[in-house]
2 protein chains.
Amino acid sequence: MPVVSDCINMLDSETKAVETPEDHAEELRLWLRLLTCTTLIEGEVRGRLRQRFDVTLPRFDLMAQLDKAPDGMTLSDVSKRMMVSNGNVTGLVERLVESGHLDRRTSETDRRVQVIRLTKLGRAEFRRMAAEHETWIADLFADLTPKDVRELMRLLAKTKASAQKSAARRRP
Amino acid sequence: MPVVSDCINMLDSETKAVETPEDHAEELRLWLRLLTCTTLIEGEVRGRLRQRFDVTLPRFDLMAQLDKAPDGMTLSDVSKRMMVSNGNVTGLVERLVESGHLDRRTSETDRRVQVIRLTKLGRAEFRRMAAEHETWIADLFADLTPKDVRELMRLLAKTKASAQKSAARRRP
DNA sequence: GGCAATCATTTTATGCTTAAAACAATTCGG
DNA sequence: CCGAATTGTTTTAAGCATAAAATGATTGCC
């Protein structure tokens with residue numbers, strides 16, 4: 001399948017034909033484009049959250065996780081879901097408890113575990129922000145057709161699976 | 001252009017035609033998936049760079065920009081290309097000059113401008129890292145067929161354009 | 001020619017993020 | 001049971017990142 005573009009590349013990259021140690025320029029470009037898209041959208045969302053609600057993106061993301069878990073989550077759960085380090089969550093939670101958005105208590109059954117949940121205030125504020133946030137996202141993706149969206153979902157699922165597999169190879 | 005699929009969408013999304021306050025759940029899910037993929041890959045690359053070369057991702061990214069510009073770049077150029085704030089670049093460059101990877105000088109023709117370029121050491125180290133980095137990326141995307149890659153490239157280009165348009169609407 | 005607007009960069013204040021080490025509570029194997 | 005892993009969280013040190021204000025240099029417009 002990639003025959004044509006491979007050949008082109010072999011020719012124009014330096015005409016050294018056979019012994020190329022493999023050409024991964026396409027994947028590299030794909031990765032850069034993926035990163036660019038994400039950075040672009042993330043920056044836009046970050047800016048709008050700050051402007052409209054004076055809230056940071058990490059705070060919003062954390063509240064989003066908790067909004068889906070009415071019974072609360074442990075810090076580890078949050079850290080896994082958000083794909084950030086444990087220490088990161090500790091600090092984030094500290095600040096959100098301080099500002100009255102989160103409630104934090106030690107588990108009855110396992111005193112190592114901290115369970116956090118949204119307070120009434122936290123939930124109300126989050127819902128308000130989430131509603132507007134959803135319209136921003138819709139607007140940012142507005143030029144994609146429903147078919148585009150479906151196709152992207154499919155390809156990104158495949159990408160995620162591929163990356164997870166690769167990551168697992170290195171850390172068995 | 002999207003007229004046909006819009007209609008399809010109106011029909012198959014729930015046949016509720018007119019009065020929904022609008023449903024953007026699909027776009028939201030797409031955004032989350034995009035973010036997940038990027039975070040996953042970025043984390044993996046970050047970890048490998050640290051393990052193998054004891055270098056951070058931002059340092060690597062900055063060097064990558066400079067490697068493509070043998071005559072150097074201004075800090076503004078770098079900041080635009082990397083899509084990060086000016087102040088961020090200032091600090092990053094400071095540390096890379098300190099460690100001998102970058103050379104920095106004030107422009108002859110405009111004393112506001114700082115031109116930075118890779119030193120011999122910086123270029124050599126970058127090339128060494130970049131070669132390995134390329135194989136990681138190839139591995140992370142290994143399960144995508146060349147057709148998948150092309151299709152993703154196309155859809156992400158469309159996404160980028162859509163997001164840029166949306167961003168421009170808010171900041172004319 | 002001079003002064004306002006603009007531009008490139010730096011500084012400041014604050015917050016996010018990580019990796020690694022430290023702590024503390026629980027579980028498990030002998 | 002009891003010590004050795006394991007697990008959940010926090011701490012630490014360093015670096016990354018942003019927005020906004022400050023600084024210094026250049027340009028453009030009377």
Side-chain angles (χ1 to χ4, degrees), chain A residues 35 38-40 42-63 72-99 101-102 104-116 171, chain B residues 35 38-40 42-63 72-99 101-102 104-116 171:
Chain A
L35 189 55
T38 302
T39 305
L40 184 60
E42 194 172 327
E44 198 58 26
V45 170
R46 183 196 310 284
R48 294 186 195 195
L49 280 173
R50 160 174 284 278
Q51 260 198 333
R52 288 279 299 131
F53 302 112
D54 193 36
V55 76
T56 65
L57 185 51
R59 273 167 159 91
F60 179 81
D61 286 342
L62 178 39
M63 289 195 267
M73 300 173 77
T74 70
L75 296 203
S76 291
D77 287 345
V78 173
S79 145
K80 266 170 220 137
R81 286 287 187 92
M82 293 181 71
M83 299 199 284
V84 299
S85 67
N86 287 346
N88 191 352
V89 174
T90 297
L92 219 37
V93 167
E94 225 160 53
R95 288 183 288 269
L96 279 164
V97 168
E98 172 67 26
S99 64
H101 294 87
L102 258 56
R104 166 215 211 111
R105 60 187 57 168
T106 303
S107 160
E108 300 289 335
T109 63
D110 185 341
R111 273 176 306 178
R112 288 171 302 180
V113 173
Q114 302 288 317
V115 177
I116 55 175
R171 291 180 239 288
Chain B
L35 190 55
T38 302
T39 305
L40 184 61
E42 195 172 326
E44 197 59 26
V45 170
R46 182 195 312 284
R48 295 185 196 196
L49 279 174
R50 162 174 284 278
Q51 259 198 335
R52 289 277 299 131
F53 303 112
D54 192 36
V55 77
T56 66
L57 185 51
R59 273 168 160 91
F60 179 81
D61 285 343
L62 177 39
M63 288 195 269
M73 298 174 79
T74 69
L75 296 202
S76 291
D77 286 346
V78 172
S79 145
K80 266 171 220 137
R81 286 286 188 93
M82 295 180 71
M83 300 198 283
V84 299
S85 68
N86 287 346
N88 191 353
V89 174
T90 296
L92 218 38
V93 166
E94 225 160 53
R95 289 182 288 268
L96 279 165
V97 168
E98 172 67 26
S99 63
H101 294 85
L102 257 58
R104 165 213 210 113
R105 60 186 58 169
T106 303
S107 161
E108 298 291 333
T109 62
D110 184 340
R111 272 176 307 179
R112 288 172 303 181
V113 173
Q114 302 287 317
V115 177
I116 55 175
R171 289 182 241 289

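None of these values were measured; they are calculated from a predicted model. Just so it is clear, the values below take in all heavy atoms, side chains as well, and ignore hydrogens, waters and symmetry mates. Convention: sequence-line order gives letters A, B, ...; per-chain numbering from 1.
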Look up atom [atom1] in [X] and atom [atom2] in [Y], then write down how far apart they are to the nearest 0.5 Å.
{"X": "B:Thr39", "Y": "A:Met82", "atom1": "OG1", "atom2": "CE", "answer": "10.0 Å"}
{"X": "B:Thr56", "Y": "B:Leu62", "atom1": "OG1", "atom2": "CG", "answer": "9.5 Å"}
{"X": "A:His101", "Y": "A:Glu98", "atom1": "NE2", "atom2": "CD", "answer": "11.5 Å"}

From A:Ile116, A:Leu92, A:Asn86, residue fulfilling side-chain contact (heavy atoms from CB on, under 4.5 Å) relative to A:Val78: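 Testing A:Val78 for a side-chain contact (heavy atoms from CB on, under 4.5 Å) against A:Ile116, A:Leu92, A:Asn86 leaves exactly one candidate, A:Ile116.
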A:Gln114 or A:Gly43, whichever maps to the more 5' nucleotide of DNA chain D: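 That would be A:Gln114.
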Under a 4.5 Å cut-off applied to non-hydrogen side-chain atoms, are [X] and [Y] in contact?
{"X": "A:Arg46", "Y": "A:Glu42", "answer": "yes"}
{"X": "B:Leu75", "Y": "B:Arg104", "answer": "yes"}
{"X": "B:Thr38", "Y": "A:Leu35", "answer": "yes"}

Length of the line joining [X]:[atom1] and [N]:[atom2], which is rounded to integer Å:
{"X": "A:Arg46", "N": "C:dT14", "atom1": "CZ", "atom2": "C1'", "answer": "14 Å"}
{"X": "A:Leu92", "N": "C:dG15", "atom1": "CG", "atom2": "C1'", "answer": "9 Å"}
{"X": "B:Asn88", "N": "C:dT10", "atom1": "CG", "atom2": "P", "answer": "12 Å"}
{"X": "A:Arg95", "N": "C:dC16", "atom1": "CZ", "atom2": "C1'", "answer": "7 Å"}
{"X": "A:Leu62", "N": "C:dT17", "atom1": "CG", "atom2": "P", "answer": "10 Å"}

Pairs under 3.5 Å (N/O, protein and nucleotides 26-28 of chain C):
from	atom 1	to	atom 2	distance (Å)
C:dT26	OP1	A:Arg111	N	3.1
C:dT26	OP2	A:Arg111	NH2	3.4

Span of DNA chain D, from the first to the last nucleotide whose atoms fall under 4.0 Å of chain B heavy atoms: D:dG15 to D:dT26
No-hydrogen, no-angle side-chain donor-acceptor test under 3.5 Å, A:Thr106 and A:Gln114: yes
Side-chain H-bond candidate by donor/acceptor type, A:Thr109 with A:Ser107, under 3.5 Å: yes
A:Ser85 versus A:Ser79, closest heavy-atom pair with distance: C-OG, 4.0 Å
Closest-nucleotide ordering on DNA chain C, the 5'-leading residue of A:Gly91 and B:Gly47: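 The 5'-side residue here is A:Gly91.
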Heavy-atom neighbours of A:Arg81 CZ exceed 12 at 6.0 Å: no
Stretch residues 77-87 of chain A: residues that reach within less than 4.0 Å of DNA chain C through a heavy atom: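 Those residues are A:Met83, A:Val84, A:Ser85, A:Gly87.
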Distance test, side-chain N/O of B:Thr90 to OP1/OP2 of C:dT11, below 4.0 Å: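 For B:Thr90, the contact criterion (side-chain N or O under 4.0 Å from OP1 or OP2 of C:dT11) is not met.
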